[in-house]
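Below is one structure, written out as structure tokens, with a few remarks after it.
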Amino acid sequence: MNYSQTLKYLSDAEKFGIIPGLDSIKRLCAKLGDPQKRLNIIHIAGTNGKGSVGCFLESVLRCAGYKTGRFVSPGVMDELEIIQLCGENISQSDFSQIITLVRSAADEIVKSGFPHPTLFELQTAAAFCFFAQKNCEIALVEVGMGGKEDSTNVIDSSLLSVITPISLEHTKFLGSTIEQIASHKGGIIKKNGCVVSALQTAGAMKVLKDICLRQSARLTVSDPQLISKREYSPTSQSFSYKGLENIKLSLLGTFQMENAALAIDACMILRDKGYKITNGDILKGLAGARWQGRFEVIRGSSPTFIIDGAHNPSGAQKLMETLDKTFAHRRITYIFGTFKDKDYESIAELTAKRAEMIYTIPTKGKRGLSAQELAKTAAKYNPNVKAMPSPQQAVKQCLNSSCDLVLAFGSLSFLKEIKDTINGEYNNGTEIPQDLKA
């Protein structure tokens, strides 16, 4: 298949839906020679921060000289973003080649009378194949949903299981309580494995500790109270943690310090396992990490534009904390869109009062929520709400008004449209003026 045929094949595969369980991915990987068994994998689960923690870890490992692979989902700015080699997206030709290989295996499975693999199963198998082909020394693999029954959990062992903060999500599949969801997330913990977790709520923490006890796994808990000397600005931030001083981050958002601390603890465990990672590698890797769509400034002024993927109440709460720390005195306009299966009532309650104006936008697909319906909810907490027909129209409305700072958030799904509209119509790029003040 060429690249356009590959994208169509994957788009068509969406019809197979979401089917939790490992039987199908096991069949697919077996057809492909079980490439996952040839990889050293860092497995990352959690509700918020998976992408950022993976980004930090990959950057540090690359600075330490390791050949890295990284599998993430979904692709926010580019379909190729889901599979990365040494910090770069897979090429179109490599992507087409590897999906063609996986498609052949999937076709054989169907001919044998089994169900067609889902889209995420195809993508997961493709990532494993690609990393094995390229002889990656370490593969960072991000869970798609949950953990225990997620396709990525086809692996028998891992270098390290990383669990970021857990909160309510995907309740239809994972359960309605934090404890039930934590049980799914903790399903990635392997027998006699090593685990590093963010500090969780009491219920989630107990579940993870119980799983580690049953699996004879060693648990390290990252403690945000050990983060000190926090410094914030609209362009960067710094902190100290466990003997590392003046740790600089280009990724904005107060939550990124906690994510970076979790990545540091992961690096310390890898060091204990014999991986050569110096403090200098950690500092350089964290400072150089780049991850799109996470409190990312995409336009510096007139107005300042920020995009963020906060799509649940805990993420929204962290987003508000970041605004208070870095843009406390700025007048803010929102572009807000989300899916109907998200807790958008709580997100609106947490965020709406901070805005001078809110433009709601529709989201697409079966999970899509209309701008009008979201506007009704947001208006309960702020009367200055207007439903817009598209992200592009919302951006144009902001650019033609007296907005000071615009924050687009609520889902990762439309952030590319926001960014493309800014970069396509204005030659402002992502450069941030040196005189940008909070």
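Quick note: residue numbers are just sequence positions, from 1.
- The environment of Lys67 atom NZ is dense: over 12 non-hydrogen atoms of other residues, nucleotides or ligands sit within 6.0 angstrom.
- Annotation: the span from Ile99 atom CD1 to Ser104 atom OG amounts to 11.0 Å, rounded to 0.5 Å.
- Contact record, Lys284 with Cys63: CG-SG, 3.8 Å, taken as the closest heavy-atom pair.
- Closest of all the heavy-atom pairs between Ala266 and Leu57 is CB-CD2, 3.7 Å.
- Taking all atoms of both residues into account, the shortest heavy-atom contact from Phe95 to Tyr3 is CD2-CE1, 3.8 Å.
- Considering only residues two or more places apart in sequence or on other chains, Thr177 meets the side chain to side chain donor-acceptor pair (under 3.5 Å) condition with Gln180.
- No hydrogens or angles considered: nothing links the side chains of Asn135 and Glu137 as a donor-acceptor pair under 3.5 Å.
- Between Asn279 and Arg271, some side-chain heavy-atom pair lies under the 4.5 Å cut-off.
- Ser411 is linked by a side chain to side chain donor-acceptor pair (under 3.5 Å) to Ser413, counting only residues two or more places apart in sequence or in another chain.
- Asp34 and Lys26 are not joined by a salt bridge, as no carboxylate oxygen comes within less than 4.0 angstrom of a charged side-chain nitrogen.
- Between Glu321 and Lys325 there is no salt bridge, since none of the side-chain N atoms of the basic residue sits less than 4.0 Å from a carboxylate O of the acidic one.
- Expressed to the nearest 0.5 Å, how far NE2 of His116 lies from CD1 of Ile19 amounts to 11.0 Å.
- A distance of 9.5 Å separates SG in Cys267 from CG in Leu160, rounded to the nearest 0.5 Å.
- The backbone N or O of Ala355 sits less than 3.5 Å from a side-chain atom of Asn382, completing a donor-acceptor pair.
- With respect to Glu349 and Lys380, no salt bridge is recorded, no charged nitrogen being found less than 4.0 Å from a carboxylate O.
- Sorted by first and then second residue, the salt bridge (Lys or Arg N to Asp or Glu O under 4.0 Å) pairs with a member in residues 217-234 read Lys229-Glu245, Arg230-Glu258; sequence neighbours excluded.
- Counting heavy atoms from C-beta outward, Lys242 and Asp265 have side chains that approach closer than 4.5 Å.
- Looking only at distances, a side-chain donor or acceptor of Thr363 sits under 3.5 Å from a matching main-chain atom of Thr338.
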**Item:** Thr326 vs Leu252, side chain to side chain contact (heavy atoms under 4.5 Å, CB included): CA-CA, chis, key distance, verdict
**Value:** CA-CA 9 Å; Thr326 55; Leu252 302 179; 6.0 Å; no
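- Inter-residue side-chain proximity for Asp94 and Lys134 is flagged as met; some heavy-atom pair is nearer than 4.5 Å.
- A donor-acceptor contact under 3.5 angstrom links the side chains of Thr152 and His43, judged on distance only.
- The shortest distance between side-chain heavy atoms of Val141 and Ile42 does not fall below 4.5 Å.
- Judged by distance alone, the side chain of Asp308 and the main-chain N or O of Ala310 form a donor-acceptor pair under 3.5 Å.
- Contacts of Ile109 classified as side chain to side chain contact (heavy atoms under 4.5 Å, CB included), with partners at least two apart in sequence or in another chain: Arg27, Leu28, Lys31, Phe114.
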**Prompt:** Can you list the steps and then say if Ile25 with Asp150 is a side chain to side chain contact (heavy atoms under 4.5 Å, CB included)?
**Reply:** CA-CA 9 Å; Ile25 186 66; Asp150 186 78; over 6 Å; no
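- Remark: side-chain polar atoms of Thr322 are not paired, donor with acceptor, to backbone N or O of Gly253 under 3.5 angstrom.
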**Item:** Test side chain to side chain contact (heavy atoms under 4.5 Å, CB included) applied to Asp107 and Val110, step by step
**Value:** CA-CA 5 Å; Asp107 289 345; Val110 173; 5.5 Å; no
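- Phe131 approaches Ala139 most closely through the heavy-atom pair CD1-CB, 3.8 Å.
- Between Tyr359 and Tyr334, the distance separating the two ring centers is not shorter than 6.0 angstrom.
- Not a single donor-acceptor pair under 3.5 Å links the side chain of Asp78 to the backbone N or O of Glu81.
- One N or O on the side chain of Glu121 and one on the backbone of Thr118 form a donor-acceptor pair closer than 3.5 Å.
- Under the 3.5 Å distance criterion, the side-chain polar atoms of Asn89 are left unmatched by any main-chain donor or acceptor of Gln84.
- Partner of Leu251 under the side chain to side chain contact (heavy atoms under 4.5 Å, CB included) criterion, chosen from Met257, Gln256, Glu296, Arg294: Gln256.
- Side-chain atoms of Ile181 and Val207, non-hydrogen and from C-beta on, never get closer than 4.5 Å to each other.
- Side-chain N/O atoms of Gln292 and Lys419 include a donor and acceptor closer than 3.5 Å.
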**Request:** Please step through side chain to side chain contact (heavy atoms under 4.5 Å, CB included) for the pair Thr304 and Val406, ending with a clear verdict.
**Result:** CA-CA 6 Å; Thr304 300; Val406 179; over 6 Å; no
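- When Phe414, Phe336, Tyr344 are each tested for a ring pair (Phe, Tyr, Trp, His ring centres under 6.0 Å) with Phe409, only one passes: Phe336.
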Enumerate donor-acceptor pairs with a distance under 3.5 Å from any side-chain N or O in residues 183-202 to protein atoms, sequence neighbours excluded.
| residue | atom | partner | partner atom | Å |
| --- | --- | --- | --- | --- |
| Lys185 | NZ | Gly46 | O | 3.1 |
| Lys185 | NZ | Glu169 | OE2 | 2.2 |
| Lys190 | NZ | Asn153 | OD1 | 2.7 |
| Lys190 | NZ | Ile155 | O | 3.1 |
| Lys191 | NZ | Arg214 | O | 3.4 |
| Ser197 | OG | Gln200 | NE2 | 3.2 |
| Gln200 | OE1 | Ile166 | N | 2.9 |
| Gln200 | NE2 | Thr164 | O | 3.0 |
| Gln200 | NE2 | Ala198 | O | 3.4 |

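- Here the closest non-hydrogen pair linking Ile82 and Pro74 is CG2-C, 4.1 Å.
- A donor-acceptor contact shorter than 3.5 Å is absent between the side chain of Ser59 and the backbone of Cys55.
- Contacts classified as ring-ring contact (aromatic ring centres under 6.0 Å, His included) and involving residues 232-289 (residues at least two apart or in different chains) are given here: Tyr66-Tyr275.
- A donor-acceptor pair shorter than 3.5 Å cannot be found between the side chains of Asn312 and Asp343.
- Separation of the Phe120 and Phe71 ring centroids falls under the 6.0 Å cut-off.
- Across every non-hydrogen atom of Ala13 and Leu122, the tightest pair is CB-CD1, 3.8 Å.
- Counting heavy atoms from C-beta on, the side chains of Glu345 and Tyr381 come closer than 4.5 Å.
- To the nearest 0.5 angstrom, Leu208 atom CG is 12.5 Å from Leu213 atom CG.
- A donor-acceptor pair is defined here as one N or O able to donate and one able to accept, closer than 3.5 Å; no such pair exists between the side chain of Glu58 and the backbone of Thr68.
- Salt bridge status for Asp281 with Lys276: absent, with no side-chain N to carboxylate O gap under 4.0 Å.
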**Prompt:** Does the pair Glu417 and Lys364 meet the rule for a salt bridge (charged side-chain N to carboxylate O under 4.0 Å, His left out), with working shown?
**Reply:** CA-CA 12 Å; Glu417 293 179 71; Lys364 301 173 182 177; 3.6 Å; yes
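- Remark: the Ser167 side chain and the Ser314 side chain contain an N/O donor-acceptor pair separated by less than 3.5 Å.
- With Ser250 contributing its side chain and Ala289 its backbone, the two residues share a donor-acceptor pair below 3.5 Å.
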